[in-house]
Amino acid sequence: MATQKSTVHKLRRVYVWEQPVRIYHWLNALVIIVLIATGFYIADPLVIQSGKEPSQRFVMGWVRLIHFIASYIFFFNFLFRIYWGFVGNKYANWKQFIPTSRKFFKEMWHVFKMDILMLRGKEHMSVGHNAMAGFIYFFTFIAFLVQCLTGFGLYASMSSSWFPKLFTWVPYMFGGDIFLRQVHHWTMWFFILFAVIHVYLVFYHDYVEGRGEMSSMGGGWKFIEEDVFTQNKELPNAPKS
Amino acid sequence: MNNKTVQQTPTYLEEFKRKGYSRKDFLKFCTLMAAYLGLENSAIGQVVQAMTVKPRLPVIWLHFQECTCCSESFIRSSHPIVADVLLDQISLDYSETLMAASGFQAEEAMKNTMTKYKGEYILCVEGSVPTAADGVYCMIGGKTSMQILEEAAEGAKAVIAWGSCASNGCVQAAKPNPTSATPIHKLLKGKPLIKVPGCPPIGEVMAGVIVHVVTFGRLPELDGLGRPKAFYSKRVHDTCYRRPYYDAGLYVESFDDDNAKKGYCLYKVGCKGPSTYNACGVTKWNNGVSFPIQSGHGCFGCSEENYWDNGRIYERASAFPGFGIEATADQVGKVALGVTAVALGAHAVMTNVRKKKLIKNLEKEGRDSEHELKD
């Protein structure tokens, strides 16, 4: 039946995303979706008709409550992820996101040539996320920080709780709430654009590499070609977990 | 008037009596002021005591690039004593708008106050200072406003920046700010300064700030932006009587719709109450008659920094820097999303072209394996 024998890859199972990372990822995804949906409503509320008396209605109140609860989860989840960047495995380590070596930039350039410019050459087969992705995630962490600061900064004046009060200085630094609100709104669009590109690229890697990119955030493992595995293993300065 | 105040400084109570106010009026005034300042009951006595024994505070009131609406607001404070007494009797030794003297006489009065009450007088500034072209855009008596400000601030005990011009630059500082209008706090360093923003600020708020300084001999508690906390710690939104409609999700869609008649929340027609810190919802205007939202018009955030450049009055969050005043973050975002979608589509097509061999091989490997398996 088979006319020509195909190259058969031996795949090695690697536990890339630990369970806390996976929980963080999906909790983050859920909370961001909730925050964006409620955020859009808060910014430009739709008229929801009902026969209820105004005193019986609390639509905006509930939406804001959900937004605030989600923002607390988002913040502490983010904090947890930073912590995990120091204690987690090598693919969760902060060095994956912040360039600390020439190798990082070289890999980024290589990924840019192969996956974005689609030049011909040796494909880049990373194990965790590639350097380019890691660096983009670094920007998302900055966006997380911006959203937390502006969001809790806006929330500070209407809360008597100690936690939001820690952010009272934020509006003062930027001269008031109006600018803060704008920044909060723009940054949300970064999240939307990021999510679209992120999901696309996961599909892309799964399609082009065929090593379980999509399911890795479910079970935690990726299936790495034997030669890629040995190649990475042999690197003398590979970081120890 | 000016010379008289310089020669003898009567106490506030003496001045009230001279003006023909009864002690009852005086006590009413003190109570009112204590209430505005958010003081507790027992502090009324302190206000009364201070007004009875303390000599009138010498004040120099300077006008630079402004429209005098702050002064207008001040003289329209609800209690007659505020206008009549504080203005007259706060001992306004120099105020371009309200003093009787003019020309050299006026300059003389100012100089007198500055030397006689060095380190004691309060400097009130209305308006911003233009710094472009060496300050020629605003000159009084042959001096630039910057020179006048520096001279007057030298011996001042404290500086009060009245209104948005002096606090934030207001309309003169709006883009492109041709005169380089600069708010006072950026020009005077090392002087205690109170910002009382608003266009204009509420008269009672202005009176309250002065009474606080007179009563306690120090500045009121200020927030991180230098505004008195008693009046600027809450958003207009938090004290708005239409707030329940906001929480209920009931909004005016246009100014002539049924919702507007019902008095629903003005959030969607551009009310800036949710990001504006002021006392309008509580103190209101013109003897507590009304405030913009009560009259059916959204707050436009006159006491907030940069409010002229923060987007349109009748739209929420309509400014996106760099894209002109017309673009909102959502418009820019939607375009970016469209561009991203097109780019990803192109990338997907290119992937199938450029990485054809790779994908074919993977597919073949998968298919071959499938074929090798038995049914």
Side-chain angles (χ1 to χ4, degrees), chain A residues 1-2 4-9 40-41 43-48 52-64 114-116 118-120 123 154 157-158 168-169 171-182 185-186 188-190 192-193 196-197 200-201 203-204 207-210, chain B residues 168 223-225 233-235 237-238 244-251 253 259 262 264-265 267-268 272 274-277 301 304-307 310-311 316-317 319-321 328-330 332-333 336-337 340-341 344 347-348 350-351 353-355 358-359 361-362 364-369 371-372:
Chain A
M1 210 195 262
Q4 198 194 341
K5 203 99 180 87
S6 60
T7 18
V8 177
H9 285 104
F40 265 123
Y41 179 82
D44 190 13
L46 287 165
V47 184
I48 299 164
K52 277 187 189 164
E53 284 293 310
S55 59
Q56 300 291 313
R57 293 169 54 112
F58 197 59
V59 184
M60 180 57 99
W62 287 120
V63 171
R64 288 174 77 237
M114 300 316 297
D115 290 343
I116 297 175
M118 300 267 187
L119 300 178
R120 301 222 190 271
E123 290 295 328
L154 286 166
S157 73
M158 38 177 141
T168 316
W169 57 274
Y172 297 151
M173 213 172 105
F174 294 99
D177 283 10
I178 296 175
F179 181 71
L180 228 53
R181 190 168 283 263
Q182 298 277 53
H185 200 97
W186 307 331
M188 175 204 63
W189 275 102
F190 171 82
I192 295 173
L193 295 178
V196 169
I197 297 169
Y200 168 81
L201 284 177
F203 271 95
Y204 165 84
Y207 182 57
V208 171
E209 294 167 0
Chain B
N168 307 318
D223 69 5
L225 287 176
S233 64
K234 282 209 173 79
R235 304 177 303 164
H237 192 51
D238 294 326
Y245 288 118
Y246 169 83
D247 289 328
L250 296 166
Y251 306 101
E253 299 287 328
N259 294 351
K262 285 177 184 161
Y264 286 174
C265 174
Y267 187 67
K268 287 183 81 175
K272 305 291 186 289
S275 40
T276 303
Y277 291 78
E304 287 298 304
E305 185 166 320
N306 205 21
Y307 80 98
N310 275 332
R316 263 185 49 72
F320 193 98
T328 67
D330 288 339
V332 175
L337 194 61
T340 307
L344 292 184
H347 190 267
M350 282 312 286
T351 303
V353 175
R354 303 286 291 181
K355 302 211 186 281
L358 196 73
I359 296 160
N361 286 345
L362 279 178
K364 189 158 177 6
E365 184 186 338
R367 279 184 198 282
D368 287 352
S369 302
H371 291 319
E372 279 180 43

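Atoms considered below: every heavy atom in the structure, side chains included; atoms not considered: hydrogens, waters and symmetry mates. Since the structure is predicted, the reported quantities are computational estimates derived from the model, not experimental observations.
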*asked:* Please determine whether side-chain contact (heavy atoms from CB on, under 4.5 Å) holds for the pair B:N306 and A:I178, giving the CA-CA distance in whole Å, both sets of side-chain angles, and the decisive distance to 0.1 Å.
replied: CA-CA 9 Å; B:N306 205 21; A:I178 296 175; over 6 Å; no

*May I ask you to name which of B:N259, B:L250, B:D330 has the most heavy-atom pairs under 4.5 Å with chain A?*
B:D330

_Can you tell me which portion of B:L362 sits under 4.5 Å from chain A's heavy atoms? Options are side chain, backbone, both or neither._
side chain

*Can you find a pair of side-chain heavy atoms, one from A:W189 and one from B:V332, that are under 4.5 Å apart?*
no

*Contact part of B:A348 toward chain A, heavy-atom cut-off under 4.5 Å: side chain, backbone, both or neither?*
both

*asked:* Any heavy-atom pair between the side chains of B:K355 and A:Y207 that's under 4.5 Å?
replied: no

*For A:R120, is it the side chain, the backbone, both or neither that has a heavy atom under 4.5 Å from a heavy atom of chain B?*
both

*asked:* Rounded at 0.5 Å granularity, tell me how far CD in B:E304 sits from CG in B:N168.
replied: 8.0 Å

*chain A: which of B:D223, B:T276, B:D238 shares the most heavy-atom pairs with it under 4.5 Å?*
B:D223

_Give me the atom names and distance for the closest heavy-atom approach of A:A43 to A:H185._
CB-CE1, 3.5 Å

*asked:* Just so I understand: if I count every heavy-atom pair under 4.5 Å between each of A:L154, A:L180, A:L46, A:D115 and chain B, which residue has the most?
replied: A:D115

_Using the ring-ring contact (aromatic ring centres under 6.0 Å, His included) criterion, which residues pair with B:Y251? Sequence neighbours excluded._
B:Y267

*By a 4.5 Å heavy-atom criterion (distance strictly below it), what part of A:Q56 contacts chain B: side chain, backbone, both, or neither?*
neither

*Hey, which of B:M350, B:R316, B:R367, B:H237 has the most heavy atom pairs under 4.5 Å with chain A?*
B:R316

*List in chain and number order the residues that pass side-chain contact (heavy atoms from CB on, under 4.5 Å) with A:F58, two or more places apart in sequence or in another chain; answer none if no residue qualifies.*
A:W62, B:D247

_Test side-chain contact (heavy atoms from CB on, under 4.5 Å) on A:Y204 and B:H347; report intermediate values, then the result._
CA-CA 9 Å; A:Y204 165 84; B:H347 190 267; 3.6 Å; yes

_At a 4.5 Å cut-off on heavy atoms, which part of A:F203 comes close to chain B: side chain, backbone, both, or neither?_
neither

*Most heavy-atom pairs under 4.5 angstrom with chain B, which of A:G210, A:S157, A:P171?*
A:S157

*In terms of heavy-atom proximity below 4.5 Å to chain B, should A:F190 be classed as side chain, backbone, both, or neither?*
neither

*chain A contact via B:L344 - side chain, backbone, both or neither, heavy atoms under 4.5 Å*: both

*B:A248, B:A329, B:G249, B:S275: which one forms the most heavy-atom pairs within less than 4.5 Å of chain A?*
B:A248

*Given the rule in the side-chain contact (heavy atoms from CB on, under 4.5 Å) test, do A:Y200 and B:T340 qualify, once you have shown the distances and angles that lead to the verdict?*
CA-CA 11 Å; A:Y200 168 81; B:T340 307; over 6 Å; no

*Let me know if B:Y277 has heavy atoms under 4.5 Å from chain A in its side chain, its backbone, both or neither.*
side chain

*Compare all side-chain heavy atoms of A:R64 with those of B:Y246 and state whether any distance is below 4.5 angstrom.*
yes

*What option among A:G175, A:G176, A:P54 has the most heavy-atom pairs under 4.5 Å with chain B?*
A:G175

